[in-house]
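Numbered from 1 within each chain, the chains take letters A, B, ... in sequence-line order. Heavy atoms only: backbone and side chains are in, while hydrogens, waters and symmetry mates are out.
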Protein chains: 2
Amino acid sequence: MAAGGVKVRHFILGLLNEQSMSGYDIKRFLESLSWLIGSPSYGSIYPTLKSLLEDERVSVEIESHPDRPPRKTYSLTEKGRQELDQWIHEPAVSSPSLKAFVMRLILADNMPRDNLVAQLQGRRDMVAEQNATLLETAHTLRQEPNPERRLALDYGMAIAAAELDWLDSVLNGFSLPSSGDAADE
Amino acid sequence: MAAGGVKVRHFILGLLNEQSMSGYDIKRFLESLSWLIGSPSYGSIYPTLKSLLEDERVSVEIESHPDRPPRKTYSLTEKGRQELDQWIHEPAVSSPSLKAFVMRLILADNMPRDNLVAQLQGRRDMVAEQNATLLETAHTLRQEPNPERRLALDYGMAIAAAELDWLDSVLNGFSLPSSGDAADE
DNA sequence: TCACTCATGTAATTGGTTACATGATTAG
DNA sequence: CTAATCATGTAACCAATTACATGAGTGA
């Protein structure tokens, strides 16, 4: 975690804004995305929740069971919403990694539309540029008889192409329907 | 960095095995991949190089220029090659993130072929599984009128699909030419 | 009986970032 | 004349990992 300025604290804040959950729930959700962005350990989730509670960014509802760990469901408080909001409005890193980008995408609910579009656009430009570099490098490498070195390159190009396609179609969807403004559906 | 057990130290070792370079060169190379896996700061590269030198994992050739920082070109030593080798043979984390996977892919040169194929296969299985989950979730979400939440999901599916395609074609390329090992599919 | 899921947490360590310091050379 | 690139490095800080500790319930 902590990719491109997105740290567990803010990520958790963003998840709790969507729905109240326990530390265990958070871990499970993140685990399902670990193939893409990895998953933080309990050792960072629980202490973060604790500090969030101390700072009154979250409130907790405890469901006690005799003789076993109580289930604690955390909810975002007004203060928590404020911190999240503040964080969202501070400028994102200029060239986010795929991971940082995905994390922000997950928190997109909390972002004003124009902020979101700006980030998508920024990402598109960067990926397009890097993809061009990748193509060049691939061309140069084609001469050399070094098949393994090409693996990562190939992979990068495949991902870049897919990402570009996706970004273009999403950006298209954002710019076309809003011919004026309106349309919040 | 430090995704899924791949830390700068080993990454640098792997890069130096391909060719001798300076700290600055390393940074530049990594910078070109930052859209995919991010890039470590100088604050981690230079100290790592220093410790690598102290441990005699690398040797250095200094090109002095009066009145400006000398250009230091690092090369892997035999000890360095050993450490890299040792690291490569220790078991990789079972479910690597995309980042960890790419990092290992970049170091694929140093990997025995069967190790590499195993990792590709493992990755394929995991991505396939997660992709299935993603599809389910997407289906469930389709009911809800919450378009933003779907963004990350959509993105994930697009990337997963591209990755699966790529992995399948690569694995195919590895199993066909060596028509001695049967493919189980 | 064994392994896995549920469910919480803490302490020690470490890996990496941020911010600083320095300064020549080249391109616009 | 300014901005970027080249090129190295250190010190303070902090976020996150690893390893540990606990224990009931469920399914094979």
Q: Walking along DNA chain C from 5' to 3', note the first and the last nucleotide with an atom under 4.0 Å from a heavy atom of chain B, and give both.
A: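 The protein-touched segment is dG15(C) to dA24(C).
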Q: On DNA chain C, check which nucleotide each of P70(A) and G5(A) is closest to and give me the residue with the more 5' one.
A: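 With P70(A) and G5(A) compared, the 5'-side residue is P70(A).
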Given atom [atom1] of [X] and atom [atom2] of [N], what is their separation to the nearest angstrom?
| X | N | atom1 | atom2 | answer |
| --- | --- | --- | --- | --- |
| Y24(A) | dG25(D) | OH | C1' | 12 Å |
| Y74(B) | dA7(D) | OH | C1' | 11 Å |
| Y46(B) | dC6(D) | OH | P | 11 Å |
| E63(B) | dA7(D) | CD | P | 9 Å |

Q) For atom NE2 of H139(A), is the number of surrounding heavy atoms from other residues, nucleotides or ligands below 6.0 Å larger than 12? A)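 Not more than 12 within 6.0 Å, no.
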Q. Above 12 or not: heavy atoms from other molecules or residues under 6.0 Å from CD of Q121(A)?
A.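 Yes, the 6.0 Å shell around CD holds more than 12 heavy atoms from other groups.
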Using atom types as modelled, flag every donor-acceptor pair under 3.5 Å from a side chain in residues 8-15 of chain B to any protein atom, sequence neighbours excluded.
from  : atom 1 : to     : atom 2 : distance (Å)
R9(B) : NE     : E83(B) : OE2    : 2.7
R9(B) : NH1    : S51(B) : OG     : 3.0
R9(B) : NH2    : D55(B) : OD2    : 3.0
R9(B) : NH2    : E83(B) : OE1    : 3.1

Kindly give the atom pairs (protein nitrogen or oxygen, nucleotide nitrogen or oxygen) under 3.5 Å for nucleotides 15-17 of chain D.
from    : atom 1 : to     : atom 2 : distance (Å)
dA16(D) : OP1    : A2(A)  : N      : 3.1
dA16(D) : OP1    : V8(A)  : N      : 3.4
dT17(D) : OP2    : S41(A) : N      : 3.0
dT17(D) : OP2    : S41(A) : OG     : 3.0

Q) Checking all strands, does F11(A) fall into the base, sugar-phosphate, or nothing category for heavy-atom contacts under 4.0 angstrom? A) nothing
Q. Can you name the side chain to side chain donor-acceptor pair (under 3.5 Å) partners of N17(A), sequence neighbours left out?
A. N110(A)
Q: Could you note down all residue pairs passing salt bridge (Lys or Arg N to Asp or Glu O under 4.0 Å) where residues 28-46 of chain B supplies at least one of them, sequence neighbours left out?
A: K27(B)-E31(B)
Heavy-atom donor-acceptor pair, [X] side chain to [Y] backbone, under 3.5 Å:
| X | Y | result |
| --- | --- | --- |
| S22(A) | R71(A) | no |
| T77(A) | E56(A) | yes |
| R81(B) | L76(B) | yes |

Q: Assess the side chains of S169(B) and N172(B): does a donor N or O sit below 3.5 Å from an acceptor N or O?
A: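 The criterion, which ignores hydrogens and geometry beyond distance, is not satisfied for N172(B) and S169(B).
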Q. What does the inter-axis angle of the helix from dT1(C)-dA28(D) to dG28(C)-dC1(D) come out as, five pairs per end, nearest 10 degrees?
A.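 Between the first-five-pair axis and the last-five-pair axis there is 60°.
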Q) Any side-chain heavy-atom pair from L116(A) and F174(A) closer than 4.5 angstrom? A) yes
(Q) A side-chain contact here means heavy atoms from C-beta on lying under 4.5 Å apart; do I159(A) and L98(A) qualify? (A) yes
